[in-house]
Protein chains: 2
Amino acid sequence: MLSKKTKYGIKALTYLARQEQNVPVSIATISEMENISLKFLESILLTLRKSGLLGSKKGKGGGYYLLKDPKDIKMTTVMRVLEGPIAMIPCVSLNYYEKCEDCPNEAECAVHLLMIRVRDSNLKIYGETSLADLANY
Amino acid sequence: MLSKKTKYGIKALTYLARQEQNVPVSIATISEMENISLKFLESILLTLRKSGLLGSKKGKGGGYYLLKDPKDIKMTTVMRVLEGPIAMIPCVSLNYYEKCEDCPNEAECAVHLLMIRVRDSNLKIYGETSLADLANY
DNA sequence: TATTACCCTACTAAATCTATAGGGTTAAAG
DNA sequence: CTTTAACCCTATAGATTTAGTAGGGTAATA
């Protein structure tokens, strides 16, 4: 299942992508427009800022804004930041590899083989989809 | 994340696919060979039997066996039985569709659009992978 | 200098996951 | 026909994750 965090994060990013670039939008505005709990959204936007996707401006007239052109924001990055590793199991993760304790031989493991295929297919989708693709419906 | 239930279920199915067909294998044997908690595996195999993938034989010399040729068991079926819907969000689920409460317009929803692509890509992978493909490494 | 709006920590209710416990039932072997 | 191997089923429980809520601190702009 996709977490609400990821869902809301993508919605917020899309909302920003549909605005004029570099004009800050307040958390409150995004929260209202996208029907997202304000405080929860706040923590999500904080995560996105820390990851380098968003910039923020404090004080009156402040808010969040995209740091890059939506065309240059791949969903691979977004998903990794919000949802975590693309791989469904650590033994096929490119960035967070971990061996399965119970598995004596990865090469013979059916789960391993299947999950590599799933990972590659998802990486392809996320890699060829940008925020701009999703914003310009 | 892939649940342990699904992981163990696939491992058990693969183990059975690698044996002679229609010869029952006991839970205890699979548990030992694949390093899976016996009681947990028991409940997983029960699920697989109820779903029609496995048959069982009681009493001495009994156990579980595949009801179909591994070539005819698609991972789509296996994943749906063990992990649940293929879709990561109900609003793009083919079999368990549900509207998002917060979403006024699916057609304009970035999450919806992205998740349709992910769903289709995963359906393709699971559809073209059979248990036999995974067992004959 | 007042106000707006981001920043950060801590906590919590609910759900899900990953089992474990304990016994009941069936059927084959001897 | 009795023993026993092995499936069948329900209930429970600890750990983890999710989806927030609460409450205040800090910075910058008008």
Side-chain angles (χ1 to χ4, degrees), chain A residues 1-12 16 23-67 82-85 88-90 100-102 111, chain B residues 1-12 16 22-67 81-85 88-90 100-102 111:
Chain A
M1 274 285 290
L2 192 76
S3 69
K4 290 261 165 68
K5 181 182 171 187
T6 302
K7 181 183 174 186
Y8 294 160
I10 294 175
K11 285 196 160 203
L16 291 175
V23 177
V25 180
S26 75
I27 300 175
T29 302
I30 304 176
S31 159
E32 275 177 47
M33 299 303 291
E34 299 291 339
N35 300 307
I36 305 169
S37 147
L38 188 120
K39 280 301 208 173
F40 192 24
L41 178 61
E42 202 176 322
S43 77
I44 296 168
L45 293 175
L46 199 60
T47 304
L48 290 169
R49 185 186 63 80
K50 284 181 180 168
S51 80
L53 283 170
L54 295 182
S56 65
K57 200 180 156 194
K58 289 185 180 176
K60 202 167 188 175
Y64 285 96
Y65 52 92
L66 292 175
L67 284 175
L82 293 169
E83 191 77 1
M88 289 182 79
I89 194 167
C100 292
E101 284 178 28
D102 54 301
V111 178
Chain B
M1 275 287 289
L2 193 76
S3 69
K4 290 257 164 68
K5 181 181 171 186
T6 303
K7 180 183 176 186
Y8 295 160
I10 293 174
K11 285 196 159 202
L16 291 174
N22 299 324
V23 177
V25 180
S26 75
I27 300 175
T29 302
I30 303 176
S31 159
E32 274 175 48
M33 298 302 291
E34 299 290 339
N35 300 307
I36 305 169
S37 146
L38 188 119
K39 281 299 207 173
F40 192 24
L41 178 62
E42 203 176 323
S43 76
I44 295 167
L45 293 174
L46 198 60
T47 304
L48 289 169
R49 185 186 61 81
K50 284 181 179 168
S51 79
L53 284 169
L54 295 182
S56 66
K57 202 181 157 192
K58 289 184 180 177
K60 204 167 188 173
Y64 285 95
Y65 52 90
L66 292 175
L67 284 175
V81 168
L82 293 169
E83 190 76 2
M88 290 182 79
I89 194 167
C100 292
E101 285 178 28
D102 56 302
V111 178

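Within every chain, numbering begins at 1; the chains are lettered A, B, ... in the order of the sequence lines, protein sequences first and strands thereafter.
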Are B/Ile27 and B/Leu38 side-chain neighbours, meaning at least one heavy-atom pair lies under 4.5 Å?
yes
Rounded to the nearest 0.5 angstrom, the CG-CD distance for A/Asp102 and B/Glu34 is 8.5 Å
For residues B/Leu45 and B/Ile30, determine if any side-chain heavy atom of one lies less than 4.5 Å from a side-chain heavy atom of the other.
yes
How many Å lie between CD on A/Glu83 and P on D/dT17, as a whole number?
13 Å
So which of residues 28-57 of chain A are in contact with DNA chain C, with a heavy-atom cut-off of under 4.0 Å?
A/Lys39, A/Glu42, A/Leu46, A/Arg49, A/Lys50, A/Ser56, A/Lys57
Distance check needed: C/dT26 C1' versus B/Lys58 NZ, whole Å only.
4 Å
Hey, does B/Glu42 have a side-chain heavy atom less than 4.5 Å from the side chain of B/Ser37?
no
Test side-chain contact (heavy atoms from CB on, under 4.5 Å) on B/Leu48 and B/Leu82 and set out the steps.
CA-CA 8 Å; B/Leu48 289 169; B/Leu82 293 169; 3.8 Å; yes
Do B/Lys57 and B/Tyr64 make a side-chain contact, defined as non-hydrogen atoms from C-beta onward lying under 4.5 Å apart?
no
Measure the spacing between NZ of B/Lys7 and CE of A/Met88 and express it to the nearest 0.5 Å.
12.5 Å
Can you check the A/Ile27 CD1 to D/dT26 P distance for me, whole Å?
17 Å
Main chain of B/Ile36, side chain of B/Ser31: is a donor-acceptor contact present, judged purely on distance under 3.5 Å?
yes
So do the side chains of A/Val111 and A/Cys100 get within less than 4.5 Å of each other, counting heavy atoms only?
no
Strictly below 4.0 Å, heavy-atom distances to any atom of DNA chain D: list the hits from residues 2-11 of chain A, or just say none.
A/Ser3, A/Lys4, A/Lys5, A/Tyr8
Side-chain contact test, heavy atoms from C-beta onward, threshold under 4.5 Å: evaluate it for B/Arg49 versus B/Leu46 and give yes or no.
yes
Just N and O in the side chain of A/Tyr65: are any of them under 4.0 Å from OP1 or OP2 of C/dA5?
no
Write down the protein N/O and nucleotide N/O pairs, taken from nucleotides 1-4 of chain D, whose separation is under 3.5 Å; answer none if there are no such pairs.
none

